[in-house]
Amino acid sequence: MAMTEKQLEEILAQYPSKTQKNRKKHVLVKDSTTENPQVIEANTRTIPGIITNRGCAYAGCKGVVVGPIKDMVHITHGPVGCAYYTWGTRRNKAKTEDPDKNFINYCFTTDMQESDIVFGGEKKLTKVIDDVMSIFKPNAISIAATCPVGLIGDDLGAVARKAEEKYGIQVLAFNCEGYKGVSQSAGHHIANNGLMQHVIGKGALEEAPAKYAINLLGEYNIGGDGWEVERVLKEIGYHIVTVMTGDGKYEDLKNAHVAELNLVQCHRSINYIAEMLEIKYGTPWLKVNFVGVQATIDTLRNIAEYFGDEALTEKTEAVIAKELARIESKLDQYKKICEGKTAFCFVGGSRGHHYQGLFRELGIETVLAGYEFAHRDDYEGRQVIPDIKLDADTKNIPDLTVEKDPERFKLKLSPERYEELKKKIPLGQYCGMNVEMKDGTVIVDDLNHYETEEFIKILKPDILASGIKDKYVIQKMGIPSKQLHSYDYSGPYAGFNGALKFAEDICMSFSSPTWNFITPPWKDEPLLTGTVADA
Ligand code: CFN
Ligand code: HCA
């Protein structure tokens, strides 16, 4: 069922007029016939009082980007709740290669108390670092600031510097206080800058250790996604220098500069590093998408096209054919259950867009989608192979000026070859939400609980893909919910095996008898009634 402008107006009419004006800019009914492309407002402050699904800068920095690096100890300087939340809920998996150097299963925090707020928390932080060094002896440590730390003015940098002198290892201080910026997006940026400034490029390698050396950026190995992607890439013959940061290693990250190409899966959280690597070391990047069978195939072909080697292209096609032969008939079974159904797909940054392709190939149409904290380019689209930065040494990235490394900079893609690739690799593919969604579907930025319930009543989706903050409200409304952040204890959902696992999981949801015991609201409640007068 499509949404009309009038229905949208009725939903927004329930707000006080200032809020209504604001929210109107964050919601679109897709219409490809407008004279100019439709614009959605994004990356702005949530109105206080609205229950948003967003997280904070600390969650984006420590929880998302830095936390998955397994051979470092990550200390949360702040309340235990902040530490626990970013440790225990995000399912970034990691294998133990060296039994002494995987700290993912530990949660480290200063557990700030009221007395630390009054008298300062630096001593406690120093003590935690001493304990970490005497018990765990990691190769490096990160310290992440939470809101109270910023408010009382503890100097994380000074504590980190003293610890570096004392122990001779890197101690990275991230001033990612939760209140910075408008969402976790600010934290991604802080993490990217810190890793680029202090870790990447510090390794000893000068050359790629093998042919077809790549980095996989913005892959956090949630539910094992990264492992499935690596399995396929390795079988084709790529050498993965580092994964940022799922099952990632500090020691590998230091050598990220030697890769010939960066693959960017999540463009929202790690695009800054991709750009900085290009400017500093001349490494181009390619926007990839390993969610969905067709997206995976197109991505593998684009990467092979980039290297332009016949043997690699042949191997790519052979692997694609083998994988398809293995999964296609099973997927067909699941498609029979999914065909004709509709979904809402609302996730943080890139998944709100990436998962629509997978839904589509199972026969499910996404009738409403959006991002919690994405920026306008995530909606409007971007190129698969971005413009190369020939003016690399002069370009400024906000908050950090990166300059060409004169010793190690090597333009790894000639301008002529770039022009050739631009023609071969289709622009805009899988790179923006607004471009790909159908007319009449709804696009919502920073969706909130009130709107979720109202949109559900009108659009009556068969499944709602989002996060923990609304999962149970949705299920109590009689609609299956699939968490696309944590995968509800399941996964992987990326690559060929992931597509199959995802299909199996959502078919299980559709087929559960539970829904017979719950009446969805549109069956026993009137739709919209009345309006609230302006405050
Ligand atoms: S794993 Fe990623 S894919 S990193 Fe980002 S924008 Fe979050 S933690 Mo939740 S699931 Fe989500 Fe994306 Fe990139 Fe995850 S859609 S909100 S900050 N995200
Ligand atoms: C975060 C992390 C989160 C939360 C998931 C959710 C994740 O934003 O701090 O709200 O369900 O993926 O774990 O996005």
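These numbers come from the heavy atoms of this one structure, side chains and all, not from hydrogens, waters or symmetry mates. Note that ligands are numbered from 1 as they come in the structure, with each ligand's atoms numbered from 1 the same way.
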*Does the pair Glu323 and Arg231 meet the rule for a salt bridge (Lys or Arg N to Asp or Glu O under 4.0 Å), with working shown?*
CA-CA 11 Å; Glu323 294 291 325; Arg231 176 184 74 81; 3.0 Å; yes
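- In the vicinity of Ala59, heavy-atom distances shorter than 4.0 Å reach the ligand 2 atoms 9 (O).
- By the 6.0 Å and 45° rule, Arg23 does not stack over the aromatic ring of Tyr15.
- Numbered from 1 in the order shown, with element, the atoms of ligand 1 that lie under 4.0 Å from a heavy atom of Cys266 read 3 (S), 4 (S), 6 (S), 13 (Fe).
- Using a 30° and 60° split on the angle between ring planes, Phe108 and Tyr106 fall in the tilted class, from 30° to 60°.
- Counting heavy atoms closer than 4.0 Å to ligand 2, residue Gln184 contributes side-chain atoms (C-beta onward) but none from N, CA, C or O.
- With hydrogens left out, the protein atom closest to atom 13 (O) of ligand 2 is Arg90 CG, 3.7 Å, a heavy atom.
- Contacts between Gln265 and ligand 1, counted as non-hydrogen atom pairs separated by less than 4.0 Å, are absent for every part of the residue.
- For the pair Val64 and ligand 2, the shortest N or O to N or O distance does not fall below 3.5 Å.
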*Start with the C-alpha gap between Asp377 and Arg268, add the side-chain angles, then the distance that decides, and say whether salt bridge (Lys or Arg N to Asp or Glu O under 4.0 Å) holds.*
CA-CA 9 Å; Asp377 62 341; Arg268 187 63 275 136; 3.3 Å; yes
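- In terms of protein heavy atoms, atom 11 (O) of ligand 2 is closest to Ile468 N, 2.7 Å.
- Among the atoms of His267, no N, O or S atom falls under 2.8 Å of atom 13 (Fe) of ligand 1.
- The pair Asp488-Arg91 does not count as a salt bridge, with every side-chain nitrogen at least 4.0 angstrom from each carboxylate oxygen.
- Taking 4.0 Å as the cut-off, Ser350 counts as a neighbour of ligand 1 on heavy-atom distance.
- The protein heavy atom nearest to atom 8 (S) of ligand 1 is Arg90 NE, 3.1 Å.
- Ligand 1 lies within reach of Phe373, whose nearest heavy atom is under 4.0 Å from it.
- Proximity of a side-chain donor or acceptor of Arg351 to a complementary backbone N or O of Leu484 within less than 3.5 Å is detected.
- Under the 4.0 Å distance rule, the nearest protein heavy atom to atom 18 (N) of ligand 1 falls outside the cut-off.
- Salt-bridge formation is detected for the pair Lys249/Glu97: a Lys NZ or Arg NE/NH1/NH2 atom is positioned less than 4.0 Å from an Asp or Glu carboxylate oxygen.
- Of all the atoms in ligand 1, the ones that sit under 4.0 Å from a non-hydrogen atom of His188 are 17 (S).
- Near Gly467, meaning under 4.0 Å from any of its heavy atoms, are these atoms of ligand 2: 11 (O).
- The one candidate from Phe290, Phe359, Trp227, Phe502 that meets the ring pair (Phe, Tyr, Trp, His ring centres under 6.0 Å) condition with Tyr493 is Phe502.
- Remark: minimum distance from atom 3 (C) of ligand 2 to any protein heavy atom is reached at His485 ND1, 3.7 Å.
- Using a cut-off of 4.0 Å between Lys/Arg side-chain N and Asp/Glu carboxylate O, Asp247 and Lys70 are scored as salt-bridged.
- Among protein heavy atoms, the minimum distance from atom 9 (Mo) of ligand 1 is reached at His485 ND1, 2.3 Å.
- Looking only at heavy atoms of the protein, atom 15 (S) of ligand 1 is closest to Gly349 N, 3.1 Å.
- Applying the 4.0 Å criterion to heavy atoms of Ser269 picks out, from ligand 1, the atoms 4 (S), 13 (Fe).
- With no hydrogens or angles considered, no side-chain donor-acceptor pair links Asn271 and Glu275 at under 3.5 Å.
- The only option from His267, His189, His375 that meets the ring pair (Phe, Tyr, Trp, His ring centres under 6.0 Å) definition with Tyr272 turns out to be His189.
- Atoms of ligand 2 found under 4.0 Å from any heavy atom of Tyr85, numbered from 1 in the order shown, are 1 (C), 2 (C), 4 (C), 9 (O).
- Applying the side chain to side chain donor-acceptor pair (under 3.5 Å) test between Asn139 and each of Gln170, Lys254, Glu251 identifies Glu251 as the sole match.
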